[in-house]
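Numbered from 1 within each chain, the chains take letters A, B, ... in sequence-line order. Only this structure's heavy atoms are used, side chains among them; waters, hydrogens and symmetry mates stay out.
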Amino acid sequence: MRQYLGSAVRFTIVTWLLFGLGYPLLEVGINQVLFPGPANGSLVRLHGQVVGSRLIEQRFTGAAWFHGRPSAVHDDPRSSGGSNLGPLSSKLFRHLMERRQRLERRHPSLVGKRLPADMITSSGSGLDPDISPATAYLQAPWVARARGIPVAIVRRLVTSHIRGPWLGLFGNARVNVLMLNLALQNAEHGR
Amino acid sequence: MTASAFWQIAIVLLVAGGLSVPVGHYLARVFMNERTFLDPVLDPLDRLAYRIIGRETVSVPMTWKGYAVNMLLTNVLMGLLIYLILVWQGALPLNPLHFPDLNPFLAFNTAASFITNTNWQNYGGESTLSLLSQMAAITFPMFTSAATGFVVAIGFFRALASRNGGQDLGNFYRDFVRVLTRVFLLPCLLITPILVWQGSPETLGAMAVAHLVQGGTQHIPMGPVADLEVIKHLGTNGGGFFNANSAHPFENPTPLTNFIETLLMMVTPMALVIAFGRIVGNKKLARVMYSVMALMLVAALVVAVSAEQGGTPLLAHAGLMQHAGHGQAGGNMVGKEVRFGVTQSAIFNTVSTAFTTGTVNSTPDSYTPIGGMVLLVQMMLNCVFGGKGVGALNFLMYGILAVFIAGLMVGRTPEFLGKKIEKREIVLASLALLIHPLIILVPTAWSLIAPYGVSSLGNSGSHGLSEILYAFTSAAANNGSAFAGLNGNTPWYNVSLGLVILFGRYVSIIFMLALGGSLAAKPAVQETVGTLRTDTALFGGFWLATIIVVGALTFFPGLVLGPIAEFFALHAHHMPWGPR
């Protein structure tokens, strides 16, 4: 037992140094060299300034921008998470109806229409950077109107930002809201 | 189920199953101390480790007691180290965001949780832990707890195959080192860069500040995430860097990483069953076990994916599309990410609870009643392949019970792998299995009647009951996933869940090792016509029936009050949102 105690102590320290410090630090070193962009959070820069991360949702308001999904954590990456409301929750139902009514007030064409499943539901991370193509196309007309550019151009922009499922099968087609909005801004400046 | 969902399930199963065969043979070579292709590189590393541990210690042949004592010794020391790092975090280096020390309750819960491969988290990583804690108190036990499970399983397998009365099952430290260097090290080193390439951060910068497009700022925490992700899944650990776990875009940025993480969880526990067959010298028995486990997994996947894709009347009434198509996912997208959609979310969480990883890429609390119940039931059975090592052991416990029951029914002598099953074995197997419902149901009941228990609830009614039942089931099964609406960061839940985690891990492992020792000490009996054969499809069916009957009898009342009641309430016509 005494003999084992010394061994166990030495064993604990060695594995701790190797796997608790050595392995993570080695990987940081390797990946900072190999993939500096993603290794530092896939940050997006505009005129030298960081305007967000390609992988983290940020809030867009007003009709001139595409909107991401509702976030249970107000798009604050310092406390990621979902609403954790159960399938029978009356609070969940209230949230969904409030979001729906807010949309319908601004865009009467949506009244009575079925909405894409992701449009008014909050995500698991609260930071979902994507919306489905259906949600993006649905927003295209009013974004185009607010910016005074033809709908066809906005729709074409959405189409060019769709990333299909991996191997055409795994996961869902998606549109990154930040990248789409930046492209939208760019397109308008270009005109 | 849609055709796309069918193929996604089929391909995940085929790839994992295909990989499990060569990996299983490799594991068997590692555990039987045969040559492997990595020996020239790793042998010097092993020898260095042996020298540090002590040459005498690593050359002592150990009995089951040697394995049990050294498991407890190393785990207590490691647990203590983790606890100290967490309670002194504020004073330690690599804490750029100046997070304070963890309180003793939370630190106890976290240390107990991570040293036992549970990874239940009563904290949000990005708002609680320093970078040092994430590496040295979280990533570190992800390696050692997974290796502990493996080593215990190897010891047990060798006991079943023992021809020396169980006097020499091998050496705990040797096995431990070999598992670390030969099973975990290489995949971790190689797969981390793939995750980084896809978007998972790997940095010592703790926070980026973004000045957003429409004004305002966003503080984006990050750190050494990708390396943690690999061992988190490979070791069936499950504790996330961030609160949202694998739903977080930094932990699981694309469908490709989701696929990789799913496979990492599945392959080694599946391979362990194949290795078992080679170690005990009965491949047919291993095939029966593998088939029964795979059958349970397939059923769980089909039910969970169908339930989530089916959506709910509540979502339909809110005017959401419920069918996939027209460029959207349909179904229940509450708490799910667009890039995974319904199918990849349900597959991931089902695999995570089957293999007792506990990582989630969508919030289980918001699953449909039936989808959530699938997750719960798999943790209650705790042997649908199961976590590192212990899943196979639990399955064998059910097997020993099944042999005994079948023997009684048809009047054969109960034998397993050429050893007579007698009173002592049945008592130990029953204890190892019964501790599980005991430590789930008693604290669940306690929490339901105590004000400090129900005050943590995030949902009311039957879903609230499910939240508490899920928490203790997850803790007892050393899973770690949660119906996260329940606030577990209170003294009551920190301590009670911490204790359940410790009992669920060590008490059952010690009973299992004792059972192994007891079988090893017995003389082998010759197989006769009177022997009940355990390596047949017929017995496999009986094995499955035993698991389901024992599991159902034990947990059915809880399921009726929780998810089943919720299912009927949800589909009833008189709900708060009016008739459909």
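A:Lys91 does not touch chain B: none of its heavy atoms, backbone or side chain, sits under 4.5 Å away. When heavy atoms are compared at a cutoff of 4.5 Å, A:Val9 approaches chain B by way of both its backbone and its side chain. Both the backbone and the side chain of A:Leu169 come within contact range of chain B, with heavy atoms under 4.5 Å apart. Looking at A:Arg78, the atoms closer than 4.5 Å to chain B (heavy atoms on both sides) sit in the backbone and in the side chain alike. With a 4.5 Å cut-off on non-hydrogen atoms, A:Leu96 touches chain B through its side chain but not through its backbone. The part of B:Ala208 that comes within reach of chain A is its side chain, from C-beta onward, which places non-hydrogen atoms under 4.5 angstrom from that chain. A:Ser79 touches chain B through its backbone: at least one of N, CA, C or O sits under 4.5 Å from a heavy atom, while the side chain does not. The contact between B:Leu189 and chain A is made by backbone and side chain atoms together, counting heavy-atom distances below 4.5 Å. Using a 4.5 Å cut-off between heavy atoms, B:His326 contacts chain A through its backbone alone, with no side-chain atom that close.
Of the possible polar contacts, one joining the A:Arg100 side chain to the B:Gly319 backbone as a donor-acceptor pair under 3.5 Å is found. A distance-only check finds no donor-acceptor pair linking the side chain of A:Ser7 to the backbone of B:Thr57 [under 3.5 Å].
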Pairs under 3.5 angstrom only: tabulate donor-acceptor contacts from the side chains of residues 16-33 of chain A to other protein residues two or more places apart or in another chain.
unit_1  : atom_1 : unit_2   : atom_2 : d
A:Trp16 : NE1    : B:Ala136 : O      : 3.1
A:Tyr23 : OH     : B:Thr192 : OG1    : 3.3
A:Tyr23 : OH     : B:Asp227 : O      : 2.8
A:Glu27 : OE1    : A:Asn31  : ND2    : 3.1
A:Asn31 : ND2    : A:Glu27  : O      : 2.8
A:Gln32 : OE1    : A:Asn40  : ND2    : 3.1
A:Gln32 : NE2    : A:Asn40  : OD1    : 3.0
A:Gln32 : NE2    : B:Glu202 : O      : 2.9

All N/O donor-acceptor pairs, side-chain side in residues 59-66 of chain A, below 3.5 Å, sequence neighbours left out:
unit_1  : atom_1 : unit_2  : atom_2 : d
A:Arg59 : NE     : A:Asp75 : OD2    : 3.2
A:Arg59 : NH2    : A:Asp75 : OD2    : 2.7

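The side-chain heavy atoms of A:Phe35 and B:Pro193, taken from C-beta on, include a pair separated by under 4.5 Å. Annotation: side chain of B:Val334 is not in contact with side chain of A:Leu85 (no heavy-atom distance under 4.5 Å). A heavy-atom distance below 4.5 Å is found between the side chains of A:Pro77 and B:Pro221. Side chains of B:Leu320 and A:Thr121 form a contact here, defined as non-hydrogen atoms less than 4.5 Å apart. Side-chain atoms of B:Thr343 and A:Phe170, non-hydrogen and from C-beta on, never get closer than 4.5 Å to each other.
The two residues B:Val338 and A:Asp128 make their nearest non-hydrogen contact at N-OD2, 2.7 Å. Nearest approach of B:Asn459 to A:Ser89, heavy atoms of both residues: OD1-CB, 3.8 Å.
With chain A as the partner, the residue from B:Leu204, B:Leu132, B:Leu195 showing the most heavy-atom pairs under 4.5 Å is B:Leu204. Ranked by heavy-atom pairs under 4.5 Å with chain A, the first of B:Thr312, B:Leu185, B:Thr74, B:Leu256 is B:Leu256. Between chain A and the options B:Leu94, B:Asn258, B:Leu81, B:Thr368, heavy-atom pairs under 4.5 Å are most frequent for B:Leu81.
For B:Glu337 and A:Ser125, the side-chain atoms include at least one donor-acceptor pair closer than 3.5 Å. Using modelled atom types and a 3.5 Å distance limit, the side chains of A:Ser80 and B:Glu126 yield a donor-acceptor pair.
Close approach to chain B, defined as a heavy atom under 4.5 Å from one of its heavy atoms, is seen in A:Arg174, A:Leu178, A:Leu182 of residues 174-182 of chain A, taken by number. Residue-level contacts of residues 51-58 of chain A with chain B, in order of numbering, are A:Val51, A:Gly52, A:Ser53, A:Leu55, A:Ile56, A:Glu57, A:Gln58; threshold 4.5 Å between heavy atoms.
Below 30°, between 30° and 60°, or above 60°: for B:Tyr173 and A:Phe11 the angle between ring planes is above 60°, a perpendicular geometry.
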